[in-house]
Amino acid sequence: MNFLNEIMQRYPHAISFAPGAPYPVFLESIDVQHYMDVFAESLKSSRHLSPAQIQRCLHQYGPAKGLINDIVARLLHRDEQLIVDAASIVITVGCQEAMLLLLRALRSDPNDQLAVVTPCYVGLIGAARLVEFDVVPIDECDSGIDLKQLRHACCEARAAGKRLKAVYVAPDHSNPSGTQMSDITRAALLDLAAELDFLIIEDNTYRFTSADESYPPLIKSLDRQHRVILLGTFAKTCTPGARVGYVVADQPIRSEDGRKRLFADELAALKTMVTVNTSPICQALIGGMLIAHEYSIRQLAQDKTRKYRKNLDCLLTALDEHLGDLPHVAWNRPNGGFFVRLRLPVPVDESLMALSAEQFGVLWTPMSHFHIDGRVSHELRLSCSYLSEQQIEEGMGRLSRFLHHLTTPLSAGMA
């Protein structure tokens, strides 16, 4: 995020396909006080709190697990038909804290390994580095993840005296590639996790952008053995400024004294040493928004879903119109999410991005930022969430001029 912000500040007149941030117009009309009042009324009616107790609830330190766990549980039941106990949920400071706490709790031995689909969200990679978790890249494929390669990585780890503890996936329109995991692969991944004894970390950040006809089940919804830990955030659907996320960790564990408890309790204990608790005021805002929309992200975010799908269609159409005549340039066609991958005939790095911004007024993100194995990437990421349709069209015109400038000498040389 710091890198993207610095780049945008360095080239303020460039149209930027770099940030995966929400469309700014959606943040202009959020009535914070109204949603705070909705949540306060809920505390009064459902928990029978007095005005003084409500004030203390919102303005004092809160429980490490959170205040709106029951609301998130109702949301998951309403939208996903997923039944989870509120006690298995920890409300976190954005999804990023959830990742950090989770990886810290999972890494119990230097020989532990974490598998990630590559290219991978940089926040997850960064969290793994902070807790010194050995990361194993697994290639992405059209169906979501190369399961044969994952099986090989597990077997290779065991042969070396190591253990692959978990695999991180974002099965619905992943960041950065926009790939959606197939139904068959979701089920097969669960079967492989049971066979080889690892956990699945499922990130559902961009799931809300799916159309109804392409809404496969959460992997967590298929989970019957507590193999899946679910990560979520309200940054894209409510507001990123609140910094509220969550983790569903219903895995049973034993404490040192032999008592049974949930993995969520372990995460909450770690959280007391990191952020103590997630801001009750921020939780009240998110909780009020969810209550006001009948505990449904699909209902709350329906305007956003339409906008982002329209933006994605606009971007794909513009790619066809502006770059269709370039024989050495290709892109994928996601059916949801914020991102499209564009492949060029030359290595893509920050110096190429700087040339694009300085001389052609258009920004994007090199895909090399999303790989952990140092590979040279020929791809860039285009994000459509932050822009209007007019900006997308103008930006694609600029990108077209840049890419025609870049590839014309190559085409002449190949001829």
Side-chain angles (χ1 to χ4, degrees), residues 19-80 84 86 89-98 204-209 231-248 275-311 338 385-388:
Y23 187 51
V25 174
F26 288 134
L27 308 180
E28 295 174 359
S29 58
I30 297 175
D31 189 339
V32 174
Q33 188 58 56
H34 168 69
Y35 292 123
M36 295 282 290
D37 291 342
V38 169
F39 184 72
E41 182 60 32
S42 172
L43 293 179
K44 177 182 175 182
S45 60
S46 65
R47 305 185 194 182
H48 309 292
L49 300 186
S50 68
Q53 289 173 320
I54 291 172
Q55 186 176 38
R56 284 196 298 273
C57 180
L58 297 183
H59 293 281
Q60 280 286 6
Y61 297 106
K65 272 193 174 180
L67 288 175
I68 61 172
N69 311 57
D70 57 334
I71 295 174
V72 174
R74 289 185 66 173
L75 155 71
L76 292 171
H77 187 211
R78 169 78 188 276
D79 283 350
E80 304 291 351
V84 296
I89 299 171
V90 180
I91 307 300
T92 56
V93 182
C95 194
Q96 191 61 43
E97 187 194 25
N204 75 343
T205 297
Y206 300 96
R207 181 170 171 79
F208 76 99
T209 64
L231 300 177
T233 178
F234 299 105
K236 312 299 194 228
T237 53
C238 295
T239 173
R243 304 302 303 129
V244 175
Y246 65 88
V247 54
V248 179
T275 56
V276 181
N277 64 284
T278 301
S279 163
I281 292 176
C282 292
Q283 289 186 72
L285 169 59
I286 299 302
M289 294 179 78
L290 296 175
I291 293 169
H293 292 87
E294 301 179 356
Y295 304 91
S296 173
I297 282 295
R298 293 199 195 184
Q299 183 183 123
L300 186 156
Q302 58 184 345
D303 289 343
K304 299 179 178 70
T305 298
R306 281 194 293 267
K307 170 62 179 174
Y308 294 136
R309 290 188 63 79
K310 196 171 183 180
N311 271 20
F338 291 1
S385 62
Y386 194 69
L387 304 173
S388 67

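Of all the heavy atoms in P22 and A235, the pair that sits closest is CG-O, 3.6 Å. When all heavy atoms of A292 and V38 are compared, the closest pair comes out as N-CG1, 4.3 Å. Contact detail for I30 and C238: the closest heavy-atom pair is CD1-O, 3.7 Å. Here the closest non-hydrogen pair linking G20 and S385 is C-OG, 3.6 Å. The minimum heavy-atom distance linking C95 with L231 is given by the pair SG-CB, 3.8 Å. Between N69 and I89 the shortest heavy-atom distance is ND2-O, 2.7 Å.
Scanning for salt bridge (charged side-chain N to carboxylate O under 4.0 Å, His left out) contacts around K44 gives an empty result, with sequence neighbours left out. Remark: S42 pairs with S46, I291 by the side chain to side chain contact (heavy atoms under 4.5 Å, CB included) rule, at least two apart or across chains. Partners of E41 by side chain to side chain donor-acceptor pair (under 3.5 Å), not counting sequence neighbours: none found. Taking the ring pair (Phe, Tyr, Trp, His ring centres under 6.0 Å) definition, one finds that F234 meets it with Y246, sequence neighbours left out. Applying the salt bridge (charged side-chain N to carboxylate O under 4.0 Å, His left out) criterion to D70, with sequence neighbours excluded, gives R47. With sequence neighbours excluded, no residue forms a salt bridge (charged side-chain N to carboxylate O under 4.0 Å, His left out) with K304. With sequence neighbours excluded, no residue satisfies salt bridge (charged side-chain N to carboxylate O under 4.0 Å, His left out) with R56. Considering only residues two or more places apart in sequence or on other chains, T278 meets the side chain to side chain contact (heavy atoms under 4.5 Å, CB included) condition with I91, V93, E97, V244, K271, Q283. Partners of A284 according to the side chain to side chain contact (heavy atoms under 4.5 Å, CB included) rule, which considers only residues two or more places apart in sequence or in another chain, are M36, F39, L58. Taking the side chain to side chain contact (heavy atoms under 4.5 Å, CB included) definition, one finds that D31 meets it with Q33, H34, sequence neighbours left out. Scanning for side chain to side chain donor-acceptor pair (under 3.5 Å) contacts around Q53 gives S50, with sequence neighbours left out. Partners of Y35 by ring pair (Phe, Tyr, Trp, His ring centres under 6.0 Å), not counting sequence neighbours: none found.
Proximity of a side-chain donor or acceptor of T233 to a complementary backbone N or O of T205 within less than 3.5 Å is not detected. Side chain of N277 to backbone of Y61: no donor-acceptor contact under 3.5 angstrom is found. Although no hydrogens or angles enter the test, the distance criterion places no donor-acceptor pair under 3.5 Å between the side chain of R78 and the main chain of S296. H77 contributes no side-chain N or O that, together with a main-chain N or O of A73, makes up a donor-acceptor pair within less than 3.5 Å.
The shortest side-chain heavy-atom distance between H59 and I281 falls under the 4.5 Å cut-off.
Distance check, rounded to the nearest 0.5 Å: OG1 of T237 to CZ of R298 gives 13.0 Å. Atoms SG and CD1, from C282 and I68 in turn, are 10.0 Å apart once rounded to the nearest 0.5 Å. If you take NZ on K236 and OG1 on T209, they are separated by 11.5 Å, rounding to the nearest 0.5 Å.
Enclosure of atom CD in Q299 by more than 12 non-hydrogen atoms of other residues, nucleotides or ligands within 6.0 angstrom is indicated.
Taking the six-membered ring where tryptophan is involved, the planes of Y308 and F338 are tilted, since the angle between them lies from 30° to 60°.
A cation-pi arrangement is present between R74 and Y295, with the terminal nitrogen or guanidinium carbon under 6.0 Å from the aromatic centre and inside a 45° cone about the axis.
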